[in-house]
Structure formats: C-alpha cells, structure tokens
Student: 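Have a look at the structure that comes next, please.
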Amino acid sequence: MIKRRKTREIDVGGVKIGGDNPVVVQSMTDTKTHNIEETLSQIKRLADAGCEIIRVAVPTEKDAEALKEIVKRSPIPVIADIHFSPRIAFTALESGIHGIRLNPGNINDEGKIREILQECKKKNITVRLGVNSGSLEMSILEKYGFPSGEALAESALNWSEFFEKVGFTKFKVSIKGSDVLQNIEANKIFAEKTDIPLHIGITEAGPAGRGSVKSAVGLGILLYMGIGDTVRVSLTADPEEEVKVAYQILQSLGLRRRGIEIVSCPTCGRIEVNLPEVVRKVEEKLDGKNIPIKVAIMGCVVNAIGEAREADIGLACGNKSAILFKKGEPVKRVSEDQMIDQLLKEIENLET
Ligand code: SF4
C-alpha cells in the first residue's frame, strides 16, 4: 500500500482534492474555447471517459466570454487556463468558473495577482498556482542559472507564501518540467516543506506512446512516494487518451480503479492460439466500459491456470482451445473461434 502525503483538502466545484480523497484525474480540451458546442461536446466525451475536472484554454476575451455558457452546461467542474493577461482573468472570474490556473511567473505583477486572489476569495474560486520551467521568473533563473528542480521548487514555495500572506489558501500547486528527474526533484522538495495539495504531470511529454511511458515513469515515482493529489497526463494526442493513461497509471499502483484490467502474457514459442488477436479484439470490445473487473488471457498452461484463477474471468489457452475460468473456477472448455464471444458473454453476465 502506498502511504500518501497528508495534504490539506480543497475543492474545485465540489470535487475534493487532497486530504484522504482519491487522486483526481484531469485533462484539458484542445478545441477553441469560443467554439462553445465543440468544446462542450469534447468535455462530455472526456467526462464519460472518467475525467473529473476539465481545464480550457482562455487566450482571448472571446474565450473568456464563452465560459459562462460552458460552465453552465459542463457535467464536470471547469478551470480557466490563463496566461499573461490579468484582464482576461478578471473576465473569466465573472463567468462562474470553478477554478483558475495562473502562472504568477508570467503575470509578474504582484499587485494584479493580489487583486485576482481577492476576487477568487470573494467568489469561492480555487486557484491552481502553476510553476513551469518555461515561465520561471528572472530572479530565480539568475540565481540557479537554469530551471533546475530546486529552482522550480523555490519559485513555487515563494509564490505559495505570497498567496498565504495575502490570506488566500484555497489553492493547489503544479510544478511542471518536461524533464522527468527535474520534475520529481522539484515536487519532492516542495512536498517536504508544505501540506499544499499538488497537481502533478509531466508537461509536454510527447506523442501517445512515448508520452505515456514518460508520464508513467515520472508520475509513477511521485505517486509511489505518496506525492500527487490530482494528475494530468499531457500527450500530443486526443485528450481522451490522456484520461485512459492516467487511470492506467493510477490503477497499476492500486490508487484508483476504473474499467477493466487485462492481464495477458507476452506470448512465446509455446503459444498455440492467436493470442495477440484475441487480446486486441477483447480490448476493443471492452473499450470505454467502466466495469471494475480483472480479465486474464494467457497463452498456455505455464502460469495460465494460476493467473486465470486469480482473475474475475480468465482464459487459459492451449491447443486451439482454452479453459474458461470464472471467479477462480473452471467453467468450460471453448474452441479458439468461440473464445472471444464466450469471454464477452461471461463478462456481460457478471455485469448483470
Ligand atoms: S503463458 Fe505460455 S505462451 Fe504465454 S508467455 Fe508464458 S509460457 Fe509463453
């Protein structure tokens, strides 16, 4: 069991973050926010995939003005992502948003940041205080020479202190660098010094395959250390993919459970059925189903009986056939061409 870091609890539009709450999964739309219908339809798809809080980019006044309608119809809390412009931040704060993301380093005006925080306090809006390696303030860069983990942590600690000094405590911090080790170091230093909830992610991780690996390594290490109250996997891919990968990471550490877990063997020279095809088809058919069960699909008798017994449903394959297991008990022998249908039928029975 992972012992999670004890953090203070905050909420974003009713979704609780920190404290003893489960790690929350977030994502970000890739539509133009002012295209209201397109943005809402993506938010709905993401919510169906398990996204619990959504962030939308707000680079223009037009986007900020669209927020009102988006917030009203979104099934999940909405965070406005603001960079550089306090003016756009103020427009966004009038829209009913549940949270706002700011990188104080790129607003760089303490007076304006204080005003934004006062407004957030009045309206009960949560802030995500962002520190990114790409937008670190000059004084820190001059001190460290480059955006090291220590530099990122120091910036995050300074701004957190500033927030608290002006009486604002409803915030979480995200410290993001695209370098995995820098990211881990920064979050670790910060986590040791405060109880402020952390949103973690490896920013600009890359395309789906490479980015998922990089995110799994970075987030996996942090989560194993108990760090991380909310996560986003950042991929150059459909945001729904980000949500799936986030759950897979959390599931593999026993921190969340969503959808089916598939255990399948890598195959080897002992294989006597087309296992990759069976697994591919089963995965495709079960995609998007949120049934919390474990399915084992194993290629031969080596390990197969044991794994199939441990799963809710299992196939222990042999010579052009398989033994179907249910809750640890063998149910029947099925031929190779019947395997997928039989397996899906048994899963369906478990659902009802
Ligand atoms: S279960 Fe059998 S086929 Fe699959 S990898 Fe192990 S030995 Fe090979």
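Counting from 1, the numbers follow the sequence of the chain as shown. Any value given below was found using the heavy atoms of this structure, including those in side chains, with hydrogens, waters and symmetry copies removed.
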Student: Between N132 (side chain) and G134 (backbone), is there a donor-acceptor pair under 3.5 Å?
Tutor: no
Student: I'd like to know if the side chain of T194 reaches the main chain of A191, judged simply by a donor and an acceptor atom lying under 3.5 Å from each other, with no hydrogens or angles considered.
Tutor: no
Student: Between the main-chain N or O of Y247 and the side-chain N or O of R257, is there a donor-acceptor pair closer than 3.5 Å?
Tutor: no
Student: For K121, is the NZ atom crowded, meaning more than 12 foreign heavy atoms sit under 6.0 Å from it?
Tutor: no
Student: For S148 and Y144, indicate whether the former's side chain and the latter's backbone hold a donor-acceptor pair under 3.5 Å.
Tutor: no
Student: Is there a side chain to side chain contact (heavy atoms under 4.5 Å, CB included) between S160 and F190? Walk through the geometry before answering.
Tutor: CA-CA 10 Å; S160 299; F190 185 87; 3.6 Å; yes
Student: Under 4.0 Å between a Lys/Arg side-chain N and an Asp/Glu carboxylate O for E310 and K294?
Tutor: no
Student: Run T91 and R87 through side chain to side chain donor-acceptor pair (under 3.5 Å) and show every step you take.
Tutor: CA-CA 7 Å; T91 309; R87 187 174 42 82; 6.0 Å; no
Student: So which heavy atom on A89 is nearest to which on I100, and how close?
Tutor: CB-CD1, 4.0 Å
Student: Do you know which two heavy atoms are closest between T126 and F171, and how far apart they sit?
Tutor: CG2-CA, 4.4 Å
Student: Hey, could you give me the CG/CG distance between N183 and L222, rounded to the nearest 0.5 Å?
Tutor: 6.5 Å
Student: Please find the pair of heavy atoms, one from I125 and one from G99, that lie closest to each other, and give the distance.
Tutor: CG2-CA, 3.7 Å
Student: Determine yes or no for a side-chain-to-main-chain donor-acceptor pair under 3.5 angstrom, with E336 supplying the side chain and N274 the backbone.
Tutor: yes
Student: For E154 and I140: C-alpha separation, side-chain torsions, deciding distance, then whether side chain to side chain contact (heavy atoms under 4.5 Å, CB included) applies.
Tutor: CA-CA 8 Å; E154 185 171 319; I140 300 251; 4.0 Å; yes
Student: Atom CD1 in I17, atom OG1 in T230: separation rounded to 0.5 Å?
Tutor: 5.0 Å
Student: Check step by step if salt bridge (charged side-chain N to carboxylate O under 4.0 Å, His left out) holds for E185 and K188.
Tutor: CA-CA 5 Å; E185 193 196 359; K188 190 169 169 275; over 6 Å; no
Student: Measure the spacing between CD1 of I293 and CG of N290 and express it to the nearest 0.5 Å.
Tutor: 11.0 Å
Student: Examine distances only and state if a side-chain atom of R258 and a backbone atom of A49 form a donor-acceptor pair shorter than 3.5 Å.
Tutor: yes
Student: Taking all non-hydrogen atoms of both residues into account, name the closest pair between A151 and L136 and its distance.
Tutor: CB-CD2, 4.0 Å
Student: To the nearest 0.5 Å, what is the distance between CZ (R333) and CD1 (I323)?
Tutor: 4.5 Å
Student: Give me the atom names and distance for the closest heavy-atom approach of R256 to V23.
Tutor: NH1-O, 2.6 Å
Student: Find the distance between OG1 (T33) and CE (M28) and round it off to the nearest 0.5 Å.
Tutor: 7.0 Å
Student: Please determine if R4 and D20 form a salt bridge, counting it only when a charged side-chain N lies under 4.0 Å from a carboxylate O.
Tutor: no
Student: Do K327 and D312 sit within salt-bridge range, that is, some charged N less than 4.0 Å from a carboxylate O?
Tutor: yes
Student: Between I313 and K326, which heavy-atom pair has the shortest distance, and what is it?
Tutor: CD1-CG, 3.9 Å
Student: Look only at the side chain of D179 and the backbone of Q182, and say whether a donor-acceptor pair between them is shorter than 3.5 Å.
Tutor: yes
Student: Pair K170, N124 - check side chain to side chain donor-acceptor pair (under 3.5 Å), show working.
Tutor: CA-CA 8 Å; K170 203 180 170 198; N124 198 26; 3.0 Å; yes
Student: Any donor and acceptor pair, going by atom type alone, linking the side chain of S74 with main-chain N or O of P77 inside 3.5 Å?
Tutor: no
Student: One thing to verify: whether E37 and R73 come together as a salt bridge, which I'm taking to mean a side-chain N less than 4.0 angstrom from a carboxylate O.
Tutor: yes
Student: Are a donor atom and an acceptor atom from the side chains of T31 and E38 found within less than 3.5 Å of each other?
Tutor: no
Student: Can a donor-acceptor pair be found between the side chains of D195 and T7 at a distance below 3.5 Å?
Tutor: no
Student: How many angstroms lie between atom CG of L129 and atom OG of S155, to the nearest 0.5 angstrom?
Tutor: 8.0 Å
Student: Look at the side chain of K172 and the backbone N and O of I196, then say whether any donor-acceptor pair between them is shorter than 3.5 Å.
Tutor: no
Student: Does any non-hydrogen side-chain atom of V56 lie less than 4.5 Å from one of D81?
Tutor: no
Student: Does this structure show an ion pair linking K72 with E69, if we count only N-O contacts that are shorter than 4.0 Å?
Tutor: yes
